[in-house]
Peer 1: 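Quick one: this structure, given as structure tokens, is what I'll be asking you about.
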Amino acid sequence: MTGVVADNAQRDTVLDVSLVRKNFAGLVALDGVSLQLGRKEILGLIGPNGAGKSTLFNIIAGTLKPTSGTVTFRGRNITGLPPNRVCRLGIARTYQIPKPFLDMTVLENVYIAESFGSGRDSKVGTPAEICDLVGLKDKMHLEAGMLNVSGKKRLEVARALATSPDVLLLDEIAAGMSPTEGEWAVRFMEKMSQSYDLSIIWVEHVMRLLMKGVHRVVVLDHGVKIAEGRPEEVVNDEKVQQAYLGGKLS
Amino acid sequence: MPSVLPGALVAELFILGLMYGLLYGVLAMGLTIVFGVMKVVNVAHGDFVIIGSYLSYWAFVLAGINPILSLLLTIPFGFLLGALTYLGLIRRVQNSPELMSLFLTFGISTLIGGLLLFFYSPTQRAVPVALGSIEYGSLSIPVNISIAAAYAIAVAIALRFFFYRTYWGKAVRAVIDNRTSAILVGINPDMVSLKSFGIGIAIASSVGSIVMLLQSISPLSGPDFTLISFVIVVLGGLGNPPGALVGGVVLGVVESLSSLYVNAAMTPAIGFIIMVIVLILRPQGIMGSRG
Amino acid sequence: MNRSTRRAISTMAVVGIVIVLIIVVVAGIYIATLKPKSTPTGPSVITIGMTMPLSGTFASDGQMSLNGIKLWAQDVNASGGIPVKSLGKSLPVKLIYYDDGSSASTVATDYQTLVTQNVSFLIAPYSSPLTLAAAPIAEANHLLLLSHGGASDSIWAKGYKYVVGVLSPASQYMIPVIDMLANMNPKPTNLAFFFGQDPFSLSVMSSVEPYALSKGFKIVFNQTYQETATDFTSQLAQLQASGAQVLIGGAHFTDGETIMKNLQSLGIHLNLVSLLVAPDDPHFLSDLGSLANGVTVPSQWEPNLNFSQFSPYFGNITSGQQFYNRFMTAYGIAPNYEAAEAYATGLVLEKGIIDSGSLNSTVVRQQLATENFYTFYGHFQIDSTGKQIGHTMVVAQWQSGVKQTIWPSSVATATPLYPASLQMQQPSTLSYSGQGTTSLYVGGVASESYMLSQSTHAMLAVTPTSPDRE
Amino acid sequence: MLKGYLLVHKKNFVRDVVPWVGALVVLAFAPYFVSASLRSFLLFLLMWIALSQSFNIFTGLTGYVNFGFVAFYGLGGYGMTMTLLSLNIPIYAAMVIGGVISSLFAFAISWPTLRLRGAYFAIAMLSLAQALFVIFDNWNFVNSATGYTIPVKYYDPVLQYYYMLAVAAVTVLCLYVIMNSRLGLALKAIKQNEETAVSIGINATFYKAVAFGISAFFAGLAGGAATWTITIIDPPSAFDTTITLTAISMSMLGGLGTIAGPIIGAVILYSIEHYFGLTLPYLHLIVFGIIIIVVVLLIPQGIMGEIISRMKKSRRQEVGEEG
């Protein structure tokens with residue numbers, strides 16, 4: 001199997017996105033984007049609105065099929081697999097606009113994710129423990145619809161963690177959280193990544209926060225990867241500055 | 001007996017199908033506008049057609065008014081009825097899930113059917129208006145169907161004018177296109193909904209008047225019209241008024257020409273089968289554009 | 001958390017109890033309302049049960065039939081009831097009837113209910129499918145089921161012992177029309193068949209097709225249609241192209257009218273049109289006006305028929321005209337053959353009870369097997385399966401606003417209008433032919449209907465086809 | 001297996017099960033002490049319970065409105081009748097075959113139709129059922145418009161009652177089992193948010209198809225039992241859209257997605273239809289229409305849905321106090 005060979009060769013690459021291209025009715029949303037995610041790595045994915053970040057997430061998660069290019073997860077080609085298969089293989093995601101099961105309690109939300117997510121016991125813990133971890137312990141029995149924005153974002157994270165993922169796709173988790181909560185999120189992700197062998201791709205608009213939390217940054221603009229590297233390098237990149245029109249990055 | 005040449009027969013069937021299709025299309029336009037603006041599937045559409053038919057029937061019986069003239073009665077009446085139905089009932093479920101409006105209009109349909117049956121009995125009604133046919137060589141084109149087609153074209157032109165030349169028409173188009181943006185540019189969506197529901201029902205009940213020229217009706221015929229409209233609307237794409245016209249013509253012509261090969265008893269299945277195929281292959285309708 | 005789940009459980013239990021309570025209460029109310037009805041009426045009244053399609057597809061036919069039977073019951077009771085020898089006295093009749101909404105499943109439910117309500121005899125609902133739905137229940141409960149509006153031959157092909165037909169079966173409907181056409185001058189050669197896709201019409205078609213071929217006719221167009229279809233223009237355009245001279249077909253009411261309207265709008269020239277059921281109804285004239293002219297219909301009965309010279313003759317009503325007038329006075333609308341056959345069904349039952357002297361369905365059924373008599377409706381005689389073999393069909397035709405009997409010539413009141421094609425072609429202008437007849441049903445139901453009398457009505461009423469003319 | 005602490009209603013066998021068993025026992029002995037006409041009323045009430053409940057199994061649990069529901073009923077009826085007449089097997093076996101045929105049809109159409117959502121799915125199913133009607137009406141293999149009659153030798157109203165009771169009871173039981181199973185959990189998630197459900201690994205296509213098939217199976221069983229009782233089956237009665245609409249109205253009035261809801265709805269609406277239908281034929285349509293409109297406007301979740309949401313509300317307040 002070539003997959004096994006690849007796995008041996010690049011033991012540290014968990015997720016490999018290669019030359020992914022996506023057209024929507026003639027519009028190019030992604031134009032040959034490649035990126036690699038290492039084990040226990042937290043990768044920041046940034047770019048102005050319409051850069052193609054969400055499209056890339058949807059392609060990795062299986063919601064969209066790429067026009068061309070491949071997504072390889074731990075040596076296995078997962079391009080075009082349906083989202084439920086992708087999730088069961090070990091890639092979990094959150095939504096930018098939280099999409100919980102509104103009429104279920106927080107605990108039930110997490111429980112469902114745990115029981116369908118990976119098909120094995122969660123490596124993170126029981127549903128109640130996960131609720132505790134993300135700080136929703138006292139709201140466990142509230143219906144998800146009753147949570148505030150911050151609570152819903154925490155629930156997104158809890159639900160994703162409950163599926164026992166190896167790769168976590170975080171979509172603007174800190175947006176809607178207070179600065180203190182944001183700090184917590186950064187520390188939390190750091191901890192999760194280390195304790196549970198979790199690799200993370202993190203899209204965030206609150207740059208200041210993101211720069212603290214991630215090991216590496218990939219910058220997209222108009223569907224093209226324009227920069228990649230350590231946060232401080234990327235911030236000073238000319239093309240990135242241009243893309244953001246006036247250095248909003250600092 | 002003068003025997004018509006097969007070529008002429010095909011031509012005649014095509015023309016008949018085309019003219020029926022135009023009427024189908026306009027009937028369905030009422031439904032599709034309502035769906036486009038409000039995302040309400042109006043299951044009671046056909047029952048409003050029957051209300052129009054009864055209005056024309058009584059106008060004829062009591063005052064001897066020709067069904068074509070009674071359009072002057074059914075159009076404003078239909079608009080008023082639609083506006084009132086919107087204000088009293090539809091408005092309350094507009095923001096609920098689609099399911100709820102489906103159920104609500106189903107309730108309205110049952111109620112209208114029940115009321116008509118209760119007051120007028122299930123006996124069929126027809127207006128004894130006899131119109132001949134126009135002969136072109138070996139073609140004979142019925143006058144009543146020609147009138148129906150002419151009316152359909154007139155409505156289509158009037159709607160085109162409304163949609164592209166008037167403020168409210170543009171507002172309706174804007175809401176169909178993108179409700180949120182329409183609200184952002186200052187369009188009052190409730191007013192648009194009110195007017196489009198009124199227009200939808202006015203079209204339905206005016207078609208009811210025209211139908212009196214073509215066939216007998218009874219309080220039980222409503223759902224048949226609803227079903228035909230559904231088929232057409234799906235063919236043309238839900239919420240796409242020009243699509244409805246195209247869908248209607250396609251259905252009319254296919255039904256008419258298929259009668260050469262298929263026993264009449266199978267004809268009603270043709271529309272349904274085409275529709276299911278279209279739904280599977282092109283859920284956005286044969287017109288092809290999404291939204 | 002425990003507290004809340006426990007509360008939830010008890011609420012679920014409460015809900016369960018509520019359901020049981022609802023069932024019990026509804027059942028209780030039901031029993032309470034039923035008790036008085038189901039107490040044995042004893043021999044003080046003859047109870048006859050039936051359902052009628054008063055809503056749904058067959059509603060207008062059902063209403064006519066119901067009126068016919070109710071009129072019979074009224075007449076019998078006015079004359080002091082039916083003498084029952086075994087009881088030594090006359091008993092009045094009582095009708096129990098429900099609306100079945102033209103639905104076979106409702107028929108099944110309602111007849112199951114009826115058989116528990118001490119009925120002595122059953123009358124079938126109008127139409128073949130509904131009669132077929134009622135038959136097994138009558139059969140299993142050994143109750144006589146008289147069919148007045150179920151003509152499909154299949155009803156008598158299932159080996160039922162308790163189902164008796166009063167009307168001619170479907171296979172007989174179009175036979176006299178073919179006989180008549182064979183005698184026409186010039187004799188047409190090309191026939192078009194266009195029947196409805198339903199058991200009754202298919203039954204008619206399957207017998208007329210071989211018969212027409214045996215008489216040397218050619219069938220140049222042969223299709224069936226859905227009764228619910230709203231338009232037949234494309235089929236009729238092909239019919240025209242096929243060179244057919246005569247159209248034979250139809251199913252029930254609405255479709256028949258639609259065929260006529262479509263024929264007219266296409267300007268099709270035919271020598272004759274003969275449709276099932278629809279043209280017999282007086283609404284056919286009021287709905288279509290002069291367009292009705294020349295259309296023929298195979299009929300079970302016409303007002304101008306007179307059987308009083310035949311014997312044995314039974315019944316208070318001596319002629320079709322008398323029934324016509326009687327019905328007109330009672331309901332304000334002209335009877336069609338559905339009304340007449342329903343009334344005659346009552347007469348057949350009456351005769352069976354009188355002659356057998358019993359209220360036992362089995363005994364009366366045996367009696368009816370031996371009967372051979374005439375009523376205003378015509379001859380009654382059944383074969384061993386219960387199928388009607390005595391009664392014969394006639395052909396009627398609309399002529400200048402009057403429905404005339406045109407075949408067989410022995411009972412004809414007018415000569416056939418043939419070829420009738422000139423009436424099919426209307427001028428291409430708007431013309432109102434005749435005024436609409438409007439019947440306004442008050443209260444909707446099995447109640448009487450009131451007429452807003454119009455000129456058509458008067459035209460229908462004044463059709464003095466006196467019995468002498470026969 | 002589900003972990004008990006997560007369920008809204010923890011199983012309490014005595015309180016949860018006793019009312020149901022009680023109702024079942026009462027209904028089981030009913031033929032011995034009620035009049036034949038009441039028995040016949042109960043028989044058809046049970047048919048409507050079975051139908052509205054099997055409608056509920058799919059639509060109530062997934063939120064997809066199946067406007068072509070009657071197709072399952074009709075196919076079950078035809079399947080039962082045709083196997084009974086041609087193979088001469090026991091009625092229950094014929095009924096099961098009818099259910100299986102109906103279920104196979106559901107699986108066959110699930111791939112194209114279940115990809116559609118909302119109004120599209122509703123209209124597609126409505127049209128499919130109508131198309132089936134026309135096809136059966138013209139298809140000689142199923143005796144076209146004439147249909148079939150069940151011979152008198154099979155007539156047995158008491159046995160019919162028990163069969164219908166069994167069908168209704170099994171349907172309700174099955175719904176209960178589904179709701180408390182992994183399948184039920186998956187469907188609950190799909191109903192609330194299909195996209196999220198898929199994103200946490202739920203194979204929505206598969207679970208929806210399974211629910212569709214189960215719903216069709218029980219509707220087919222009920223169709224078979226009903227056909228046996230009615231004794232006649234032809235296309236207009238087997239594919240009568242009114243059956244779909246009645247099942248929808250019943251489960252909606254009672255509360256879609258609940259166990260008791262469709263039963264309550266069936267009891268109320270069938271009683272109305274039965275009483276008014278017998279005496280005032282058109283009035284029951286008016287009453288039906290008004291009930292539906294009022295339910296949609298005032299209690300869109302139905303009677304049981306309303307009760308449950310009030311329960312939740314009070315629990316929420318309780319939790320709020322505790323927290």
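The structure presented is a predicted model; accordingly, all values stated were derived computationally and were not measured. Each chain gets a letter, A, B and so on, in the order the sequences are listed, and its residues count up from 1.
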Peer 1: What residue among B:Leu115, B:Thr110, B:Ile112 forms side chain to side chain contact (heavy atoms under 4.5 Å, CB included) with D:Ile286?
Peer 2: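 Output: one option passes, namely B:Leu115.
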Peer 1: Examine whether an atom of D:Ala145 lies under 4.5 Å from a heavy atom of chain B, and if so say whether it belongs to the side chain, the backbone or both; otherwise answer neither.
Peer 2: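 Neither; nothing under 4.5 Å.
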Peer 1: Taking every heavy-atom pair that is under 4.5 Å apart, which of D:Gly63, D:Pro112, D:Gly289 has the most such pairs with chain B?
Peer 2: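 The option with the most such pairs is D:Gly289.
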Peer 1: To the nearest 0.5 Å, what is the distance between CZ on B:Phe230 and CD on D:Gln130?
Peer 2: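 Interatomic distance, B:Phe230 CZ to D:Gln130 CD, rounded to 0.5 Å: 11.0 Å.
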Peer 1: So what's closer than 4.5 Å to chain D heavy atoms on B:Leu89: side chain, backbone, both or neither?
Peer 2: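 Both backbone and side chain.
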Peer 1: Heavy atom to heavy atom, less than 4.5 Å: which residues from residues 133-140 of chain D reach chain B?
Peer 2: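 If one takes a 4.5 Å heavy-atom cut-off, the residues of residues 133-140 of chain D near chain B are D:Val134, D:Ile135, D:Asn138.
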Peer 1: Return the CD1 to CG distance between B:Ile273 and D:Leu128, rounded to the nearest 0.5 Å.
Peer 2: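 Output value for this atom pair is 9.0 Å.
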Peer 1: Can you tell if the side chain of B:Phe103 reaches within under 4.5 Å of the side chain of D:Leu256, non-hydrogen atoms only?
Peer 2: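 Answer yes - side chains close enough.
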Peer 1: Look at atom CZ of D:Phe206 and say whether more than 12 heavy atoms of other residues, nucleotides or ligands are closer to it than 6.0 Å.
Peer 2: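 Open: at most 12 neighbouring heavy atoms sit under 6.0 Å from CZ of D:Phe206.
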Peer 1: Could you measure the distance from the CG atom of D:Leu297 to the CZ atom of B:Arg91? Nearest 0.5 Å is fine.
Peer 2: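 The CZ atom of B:Arg91 is 11.5 Å from CG of D:Leu297, to the nearest 0.5 Å.
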Peer 1: Which bit of D:Leu245 is near chain B, if near means a heavy-atom gap under 4.5 Å: side chain, backbone, both or neither?
Peer 2: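 Its backbone and side chain both get close to chain B.
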Peer 1: Would you compute the distance between atom CE of B:Met275 and atom CG of D:Leu126 and round it to the nearest 0.5 angstrom?
Peer 2: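 Atom-to-atom, B:Met275:CE and D:Leu126:CG are 7.0 Å apart.
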Peer 1: Using heavy-atom distances under 4.5 Å, tell me whether D:Ile293 contacts chain B through its side chain, its backbone, both, or neither.
Peer 2: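 Looking at D:Ile293, backbone and side chain both touch chain B.
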Peer 1: Under 4.5 Å, counting heavy-atom pairs only, tell me which of B:Leu104, B:Thr105, B:Val41 racks up the most with chain D.
Peer 2: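 Most heavy-atom pairs under 4.5 Å with chain D: B:Leu104.
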Peer 1: Quick check on the interface: out of D:Thr241, D:Val65, D:Thr59, who has the most heavy-atom pairs with chain B under 4.5 Å?
Peer 2: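 Top option by heavy-atom pairs under 4.5 Å: D:Val65.
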Peer 1: Examine whether an atom of D:Ile248 lies under 4.5 Å from a heavy atom of chain B, and if so say whether it belongs to the side chain, the backbone or both; otherwise answer neither.
Peer 2: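 For D:Ile248, the contact with chain B is made by the side chain alone.
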Peer 1: To the nearest 0.5 Å, tell me how far D:Ile123 CD1 sits from B:Leu102 CG.
Peer 2: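 Going from CD1 on D:Ile123 over to CG on B:Leu102, the span is 8.0 Å.
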